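Read the structure below first, then the notes.
Just the heavy atoms: all of them, side chains too, but no hydrogens, waters or symmetry mates, feed the values below. In this text the structure is predicted, and so the values were computed from the model without any measurement.
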2 protein chains.
Amino acid sequence: MGNLVGMVTQKPGTPAPRIDPLTLEVVELIGDVVARYYEEYEVAAGKHALTGAQARVLGLLSIEPLPMRRIAQKLKCEPSNVTGIVDRLEARGLVERRPDPADRRVKLAAPTEEGLGTARSLRESLDFAREPLAELSREERLSLRGLLRRMLGEKRAADGK
Amino acid sequence: MGNLVGMVTQKPGTPAPRIDPLTLEVVELIGDVVARYYEEYEVAAGKHALTGAQARVLGLLSIEPLPMRRIAQKLKCEPSNVTGIVDRLEARGLVERRPDPADRRVKLAAPTEEGLGTARSLRESLDFAREPLAELSREERLSLRGLLRRMLGEKRAADGK
DNA sequence: TATTGTTATACTCTATAACTATA
DNA sequence: TATAGTTATAGAGTATAACAATA
């Protein structure tokens, strides 16, 4: 990837760009970061014979057991899909379903000991997060943090629940 | 999403993080950018009743017609998958297959007039690329570009072919 | 022989709708 | 009646293996 929709690469002989070249290049770089992030993520999951969705759910549950419905919200997908994903994780012994004492309708998905270990290993194999950042000094990281924060705007922190 | 593998959120009462908090936050921000980018991308594709993969291929072809094999390389998937994706784009009249005069084995996938229009519209609905960047001054964009370049390292420009 | 594109097959993820068991 | 989770179904993307046409 690195160029998700051809939004950057300028075909020779195409009308002049409406956006300035600097912005275009930054957009392209962001696209590259996105592509690289996903790539490394899939590779890390694959090392444990997990799909992206499975690794994502396992990562979520390793922080905190969740009702099926909440998982669907986090994944931004329909609850019916979570059934299958958790089924597969459960079949591999990485996750288990527990009753919720407070509401007998809900099932809490929670990682097993092995699941926790896999989640930890998964985190550690996500080199991209740390490695390339290692090239940046503390000041540069502060600068990058500020720029990313402004890019994301107020929308931050509105993720939960 | 915003937290792909729980690599950031620190559960209260968990052992002290091995990475410094600043780095963790930057990683989290990058995760947010990635999630946001993909979200907007899917929404933009959805507006045209296209899947992400279809929009990606259409975007690629709008730059330049490509042999099926080349599309697979760009998408980092098996050539057999491209058959179906192009089939669906072709069924909607957005793409057509042409013979390659130089090698009768290859088929060149090329956008139709309508496909070109859809690709253009698709690009324009990708607000995320420009809008949040609009908050940044020219100096900040230069700074961001430099930081992203260093993050991505030499690996840049090795995408082609 | 090697390569291009396709077909056949199987698995996963996805959404929709209908069902069950609780509340 | 409303909600949580599931099942059934269908479409799309993915990989693998085998195939026809061409090189």
Could you tell me how far apart [X] ([atom1]) and [N] ([atom2]) are, to the nearest whole angstrom?
{"X": "A/Asp87", "N": "D/dT6", "atom1": "CG", "atom2": "P", "result": "7 Å"}
{"X": "B/Lys76", "N": "D/dT14", "atom1": "NZ", "atom2": "P", "result": "13 Å"}
{"X": "A/Glu78", "N": "D/dT7", "atom1": "CD", "atom2": "P", "result": "17 Å"}
{"X": "B/Arg70", "N": "C/dG5", "atom1": "CZ", "atom2": "P", "result": "11 Å"}
{"X": "A/Gln54", "N": "C/dT14", "atom1": "CD", "atom2": "C1'", "result": "14 Å"}
{"X": "A/Arg69", "N": "D/dT3", "atom1": "CZ", "atom2": "P", "result": "9 Å"}
{"X": "A/Leu50", "N": "C/dC11", "atom1": "CG", "atom2": "P", "result": "17 Å"}
{"X": "B/Leu66", "N": "C/dT4", "atom1": "CG", "atom2": "C1'", "result": "15 Å"}

| message | Looking at every non-hydrogen atom in both residues, tell me the closest pair between A/Pro111 and A/Leu116 and how far apart they are. | response | CG-CD2, 3.8 Å
Electrostatic pair [X]-[Y], nearest N-O below 4.0 angstrom:
{"X": "B/Arg69", "Y": "B/Glu78", "result": "no"}
{"X": "A/Glu114", "Y": "A/Arg92", "result": "no"}
{"X": "B/Glu42", "Y": "A/Lys76", "result": "no"}
{"X": "A/Glu40", "Y": "A/Arg36", "result": "yes"}

Nucleotide N/O of nucleotides 19-23 of chain C paired with protein N/O under 3.5 Å:
{"residue": "C/dA23", "atom": "OP1", "partner": "A/Arg104", "partner atom": "N", "Å": "3.0"}

| remark: Which of C/dT14, D/dT16, D/dT7 is nearest the side chain of A/Ala53? It is C/dT14
| task | Choose from C/dT4, D/dT6, D/dA15 the nucleotide whose nearest atom is closest to any side-chain atom of A/Arg97. | result | D/dT6
| query | Is a donor-acceptor contact shorter than 3.5 angstrom present between the side chain of A/Ser80 and the base of C/dT16? | reply | yes
| request: Please state whether the phosphate of C/dT6, meaning OP1 or OP2, lies under 4.0 angstrom from any side-chain nitrogen or oxygen of B/Lys107. | output: yes
| task | Using a cut-off of strictly less than 4.0 Å, decide whether A/Thr83 has a side-chain nitrogen or oxygen near OP1 or OP2 of D/dT6. | result | yes
| Donor-acceptor contact present, side-chain A/Glu25 to main-chain B/Arg145, <3.5 Å | no
| side chain to side chain donor-acceptor pair (under 3.5 Å): pairs with one or both residues in residues 98-111 of chain A, sequence neighbours excluded | A/Glu96-A/Arg98, A/Asp103-A/Arg105
| On DNA chain C, nearest-nucleotide positions of A/Asn81 versus B/Met68: which is more 5'? | B/Met68
